[in-house]
Amino acid sequence: MSEAETEDQRIAFRTCPLCEAGCGLEITLEGEQVKRIRGDRDDVFSKGFICPKGSTLGHLHEDPDRLRKPVVKRDGEFVEVDWDDAFAEIDARMMPILAENGRDASAIYMGNPCAHALGPMLYNRAVIGALGSRNRFSASTVDQRPKEISAAIMFGSVSVPVPDLDRTDYLLMLGANPYASNGSLCTAPDFPGRLERIQERGGKVVVVDPRRSETAVKADQHLAIRPGTDAHLLAALANVMIAEGLADAGHVAEHCQDLDRLPEMLQAYTPEAVSPVCGLSADVIRSIAHELCAAPTAAVYGRIGTATQEFGTLASWLVDVVNILSGNLDRVGGAMFNKGAVGQPSTKGQPGTGRGFRMGRAHSRVAGRPEAFGEFPVTAIPEEIETPGEGQVKTMVLVGGNPVSSNPNSNRLDAAFESLEFMVAVDIYINETTRHADVILPPPSPLQKSHYDLALLNFAVRNVANVSFPVLPLEEGQPEEWQILLRLAGVLAGEGPDPDIAAMDDMAVLGVLASGTRDQWSNIHERDVEELVDELGDRKGPLRMLDIMLRTGPYGDGFGADPDGANLDTFVENPHGIDFGPLEGGRIPDLLRTPSGKIELLPDMIVGDLPRLEASLGRNWDDIMVLVGRRHVRSNNSWLHNIRVLTKGRNRCTLQLHPDDADRLGITHGAPARVTSRVGEVVVDTEVTDGIRPGVVSIPHGFGQNMPGVKLRVASEYRGVNTNVLTDEQFYDEISGNIALNGVPVSVAPA
Ligand SMILES: Nc1nc2c(c(=O)[nH]1)N[C@H]1C(S)=C(S)[C@@H](COP(=O)(O)OP(=O)(O)OC[C@H]3O[C@@H](n4cnc5c(=O)[nH]c(N)nc54)[C@H](O)[C@@H]3O)O[C@H]1N2
Ligand SMILES: Nc1nc2c(c(=O)[nH]1)N[C@H]1C(S)=C(S)[C@@H](COP(=O)(O)OP(=O)(O)OC[C@H]3O[C@@H](n4cnc5c(=O)[nH]c(N)nc54)[C@H](O)[C@@H]3O)O[C@H]1N2
Ligand code: SF4
Ligand SMILES: [Mo]
């Protein structure tokens with residue numbers, strides 16, 4: 001245990017909410033002043049690891065540009081108002097537009113921090129319900145939607161297998177750079193350290209990335225693949241395993257449907273056929289296939305580079321096909337499934353009882369893009385705002401997102417947002433997108449919130465859980481984020497500017513408990529709802545919801561059914577979290593929720609898209625330059641650039657360009673280059689480096705805060721550009737509709 005250094009100091013612990021690693025923080029406070037933040041050495045999962053961002057939560061809290069009161073736009077300028085006035089403004093201005101044009105004249109966009117905060121995770125659904133619009137969008141379709149779809153169709157629920165980093169002997173990693181990102185769809189604080197330990201125990205790490213990323217530098221082998229061709233490579237790995245008799249799915253074989261149809265589906269993808277496409281030698285491809293099968297244990301892991309590209313769902317699917325064929329799915333050291341403390345579809349119900357994944361239950365108005373998980377792809381946002389007619393989007397609700405920075409074709413989207421009749425944002429900053437808002441409702445800073453990684457702990461490489469409580473009190477009058485969202489929901493439901501949110505919250509709890517007591521799966525089956533409510537005590541809001549989820553989850557007390565089980569109070573007593581043990585193998589078939597009770601290896605959606613992949617084998621892949629992204633450990637998408645300790649130093653928003661391309665194009669290191677795509681153009685500082693594949697350029701996303709009206713004094717000074725001015729909303733993965741941010745055709749010239 002750490003100790004405070006002086007009598008006035010106290011130490012608090014909480015989970016860092018900034019990225020998916022979820023590191024434990026040890027925070028030293030003096031009064032309401034943060035003195036120091038370092039890694040919590042006693043955290044059961046992160047064990048003291050921290051990155052440069054985690055120690056800046058105090059700076060974020062103190063940032064004078066962070067909004068502390070709602071702002072309303074008057075004559076083009078934001079003015080601070082009190083909370084009642086802000087909600088009255090929404091009621092007075094947005095409701096008439098909805099009354100006149102119908103609910104589909106509105107849209108909602110939910111950004112990345114919604115997956116990192118309890119309020120939005122549990123109460124966005126109230127806002128969505130109250131808004132009553134079919135136009136629902138989120139950052140998921142600029143990110144992981146392909147993987148969610150591939151997991152849902154194969155396993156029947158969003159059960160995404162994660163590489164068993166701590167026990168594997170061989171890791172093949174595609175399109176991920178955890179030395180910068182600290183991992184994604186694989187929750188593993190100190191991901192870099194876990195990789196190094198694979199090597200220390202004699203294992204091998206292979207990185208597939210068009211750039212020699214920080215992770216590739218540390219790997220045993222780096223394959224500088226051509227962007228957008230991971231599906232080809234993975235199909236070839238599967239092809240070799242099948243053709244050379246190496247494939248052995250092990251214990252999951254008997255639970256796979258269509259295993260016998262795979263050879264025919266993948267026969268075109270010989271190493272020789274994909275070699276010119278991927279830009280990798282056939283021998284190397286063959287050797288990776290052999291190594292994956294020969295290693296005592298191995299795991300294939302693909303992330304953003306494999307998802308946000310032209311063949312995103314096929315690549316995501318193939319990652320698990322290769323895991324299956326190499327005998328590594330669902331076994332120790334392979335690709336395994338987490339068993340989250342709050343319960344998941346895979347720990348509720350029975351195998352063979354799932355309804356199966358369905359998408360396309362609705363289609364967007366203008367381009368007819370299919371819904372998935374209740375959302376349309378973000379690529380449909382601009383046209384839905386621009387195109388007149390019934391259902392034209394005229395008002396927008398934005399929760400924790402900055403789409404003008406993060407979504408494709410930013411210039412078009414920016415103009416579309418500008419044209420909205422009304423927009424309300426729940427956000428802490430006035431940035432590229434929220435500058436278009438009419439009302440901004442700021443939630444408190446992370447240090448004033450409770451926290452639990454409801455979504456991300458389901459992808460953790462151990463079964464762990466950790467609840468955090470506020471470290472600092474709220475400012476006078478400041479509502480919690482869930483209260484803001486519920487009040488907004490009440491207004492949107494037509495209850496006027498001051499709805500009874502306590503009653504709404506109570507109703508929500510009764511609803512959750514009632515369905516739990518009704519359903520067979522629950523350990524509160526047929527219990528009395530009122531009695532259960534009493535057991536929950538005085539807590540309100542997300543913590544009460546979380547308590548229900550923990551109690552009914554796999555380690556929970558079942559409201560007394562298992563006196564040794566956990567509930568929220570257990571976590572009050574365990575500020576460093578609770579470790580429920582390593583991931584368990586052999587969970588298939590129990591965790592499957594497909595209608596067949598099997599792994600559905602060749603779903604129709606995949607079969608329908610494979611011809612597109614096969615046709616691309618004949619494409620001329622040379623001769624065009626393509627753009628990819630990257631991340632830096634000191635950034636977090638678009639919104640931490642206002643923290644000076646993170647942005648100081650050299651310009652990190654550079655165009656990485658190979659020396660051969662630089663020579664050919666006549667561009668020198670440090671000089672500005674003009675990058676042009678179908679939709680836009682930027683001028684950006686060049687960084688000539690042999691750490692990128694010839695024919696590929698890279699610009700990180702999230703920069704370019706220097707726009708009129710943005711109130712981010714530090715970030716606006718930064719010499720960066722918005723790379724999404726170049727990315728193209730017409731370039732997307734066919735199945736999921738997810739945007740292809742990588743492999744975007746561009747031309748480059750001296751500026
Ligand atoms: N070219 C390119 N573009 C990309 C990517 C890429 O790799 N390349 N990556 C994509 C990915 S993976 C993602 S997830 C998206 C992210 O896309 P978005 O979610 O649209 O963008 P963020 O930059 O994460 O913006 C987060 C917003 O939330 C606000 N915020 C911060 N904390 C809170 C909070 O606690 N509550 C609320 N209500 N608001 C908060 C911030 O001020 C900011 O406005 O970007 C995508 N864009
Ligand atoms: N420091 C920091 N950490 C973050 C974030 C951040 O902005 N900053 N964002 C968070 C979010 S929202 C997410 S989703 C995660 C993402 O986490 P990661 O998936 O690890 O994302 P990146 O670090 O962008 O690494 C992606 C890599 O893919 C490579 N790549 C690009 N195109 C291709 C391709 O076609 N094929 C292959 N094989 N590789 C390709 C890029 O060169 C890059 O090195 O990071 C999270 N963590
Ligand atoms: S790695 Fe992620 S969770 Fe850990 S301290 Fe850094 S930003 Fe926070
Ligand atoms: Mo993301």
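Here the structure is a predicted model, which is why all the values come from computation and not from measurement. Heads up: numbering here begins at 1 and tracks the sequence.
Remark: the backbone N or O of V378 is paired with a side-chain donor or acceptor of T141 at under 3.5 angstrom. Distance alone, capped at 3.5 Å, is enough to place a donor-acceptor pair between the R66 side chain and the H61 backbone. Within the 3.5 Å criterion, the main-chain N or O of K53 finds a donor-acceptor partner in the side chain of T56. At least one donor-acceptor pair closer than 3.5 Å links the side chain of N323 to the backbone N or O of V300. No donor-acceptor pair under 3.5 Å is formed between the side chain of N463 and the backbone N or O of G340. Proximity of a side-chain donor or acceptor of E371 to a complementary backbone N or O of G360 within less than 3.5 Å is detected. Panel note: side chain K598, backbone P589; no donor-acceptor pair is recorded below 3.5 Å. A distance-only check finds a donor-acceptor pair linking the side chain of Y123 to the backbone of G541 [under 3.5 Å]. Between the side chain of T517 and the main chain of I524, no donor-acceptor pair closer than 3.5 Å is present. In this structure, the side chain of S450 does not engage the main chain of F469 through any donor-acceptor pair within 3.5 Å.
In terms of heavy atoms, H451 sits closest to R14 at CB-NH2, 3.2 Å. Residues V633 and P52 approach most closely at CG2-CD, 4.0 Å, considering heavy atoms. Shown here for S736 and P146, the closest heavy-atom pair between the two residues is OG-CG, 3.6 Å. Pairing each heavy atom of G333 with each of T168, the nearest pair is O-OG1, 2.6 Å. Here the shortest heavy-atom pairing between Q448 and P473 reads NE2-O, 3.0 Å. Here the closest non-hydrogen pair linking C16 and G54 is SG-CA, 4.0 Å.
Between F191 and F49, the distance separating the two ring centers is not shorter than 6.0 angstrom.
In R355, the CZ atom is not crowded: 12 or fewer heavy atoms of neighbouring residues, nucleotides or ligands sit closer than 6.0 Å. Sparse packing is recorded around CD of Q350, with 12 or fewer heavy atoms of other residues, nucleotides or ligands lying under 6.0 Å away.
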- prompt: Step by step, would you call F373 with F357 a side-chain contact (heavy atoms from CB on, under 4.5 Å)?
  reply: CA-CA 9 Å; F373 297 100; F357 172 72; 3.5 Å; yes
- request: Begin with the C-alpha distance, continue with both residues' side-chain angles, and end with the deciding distance and a verdict on side chain to side chain donor-acceptor pair (under 3.5 Å) for S468 and T15.
  value: CA-CA 6 Å; S468 308; T15 306; 3.2 Å; yes
task: Check the pair L532, I548 against side-chain contact (heavy atoms from CB on, under 4.5 Å), reporting the backbone distance first and the verdict last.
output: CA-CA 9 Å; L532 299 177; I548 299 172; over 6 Å; no
- request: Determine, stepwise, if the pair R544 / D505 fulfils salt bridge (charged side-chain N to carboxylate O under 4.0 Å, His left out).
  value: CA-CA 10 Å; R544 181 165 55 162; D505 188 36; 3.2 Å; yes
query: When you look at D562 and R551, which way does the salt bridge (charged side-chain N to carboxylate O under 4.0 Å, His left out) test go after all the steps?
result: CA-CA 9 Å; D562 174 5; R551 284 167 186 255; over 6 Å; no
- prompt: Can N523 and T552 be said to form a side chain to side chain donor-acceptor pair (under 3.5 Å), step by step?
  reply: CA-CA 6 Å; N523 49 5; T552 55; 5.1 Å; no
- prompt: Should R167 and T297 be marked as a side-chain contact (heavy atoms from CB on, under 4.5 Å) after you check the CA-CA gap, both sets of side-chain angles, and the distance that decides it?
  reply: CA-CA 8 Å; R167 292 176 292 185; T297 63; over 6 Å; no
message: Is there a side-chain contact (heavy atoms from CB on, under 4.5 Å) between V162 and L583? Walk through the geometry before answering.
response: CA-CA 10 Å; V162 296; L583 303 187; 3.8 Å; yes
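When each of D43, D579, N574 is checked for a side chain to side chain donor-acceptor pair (under 3.5 Å) with N466, only D43 meets the rule. Among R134, R136, R145, the single residue meeting the salt bridge (charged side-chain N to carboxylate O under 4.0 Å, His left out) criterion with E375 is R145.
If you take CD1 on I588 and CG on D330, they are separated by 4.5 Å, rounding to the nearest 0.5 Å. Residue T313 holds its OG1 atom at 10.5 Å from CD of E148, rounded to the nearest 0.5 Å. Note: I11 CD1 to T28 OG1 = 4.0 Å, rounded to the nearest 0.5 Å. Here CG of L441 is found 8.5 Å from CG of L485. Values are rounded to the nearest 0.5 Å. The CZ atom of R631 sits 7.5 Å away from atom OG of S184, with the distance rounded to the nearest 0.5 Å. Distance check, rounded to the nearest 0.5 Å: NE2 of H576 to CD1 of I578 gives 12.0 Å.
Using a cut-off of 4.0 Å between Lys/Arg side-chain N and Asp/Glu carboxylate O, D164 and R194 are scored as not salt-bridged. Salt-bridge formation is not detected for the pair E480/K540: no Lys NZ or Arg NE/NH1/NH2 atom is positioned less than 4.0 Å from an Asp or Glu carboxylate oxygen. A salt bridge links K147 with D320: the distance from a Lys NZ or Arg NE/NH1/NH2 to an Asp or Glu carboxylate oxygen falls below 4.0 Å.
Evaluation of the side chain to side chain contact (heavy atoms under 4.5 Å, CB included) rule for P113 yields W639 as partners, not counting sequence neighbours.
Within the 4.5 Å cutoff, no side-chain heavy atoms of M173 are placed close to those of P163. In this structure, Q257 and T594 have side chains that are not in contact, with every pair of non-hydrogen atoms separated by 4.5 Å or more. In this structure, W83 and I484 have side chains that are in contact, with non-hydrogen atoms separated by less than 4.5 Å. For the pair P443/I428, a side-chain contact is recorded, criterion being any heavy-atom separation below 4.5 Å from C-beta on. Using a 4.5 Å heavy-atom cutoff, the side chains of L550 and F571 are in contact. In this structure, F459 and C186 have side chains that are not in contact, with every pair of non-hydrogen atoms separated by 4.5 Å or more. Under the 4.5 Å side-chain criterion, counting only non-hydrogen atoms from C-beta, L568 is not in contact with Y452. Taking the side chain as every heavy atom from C-beta outward, E20 and H116 approach each other to under 4.5 Å.
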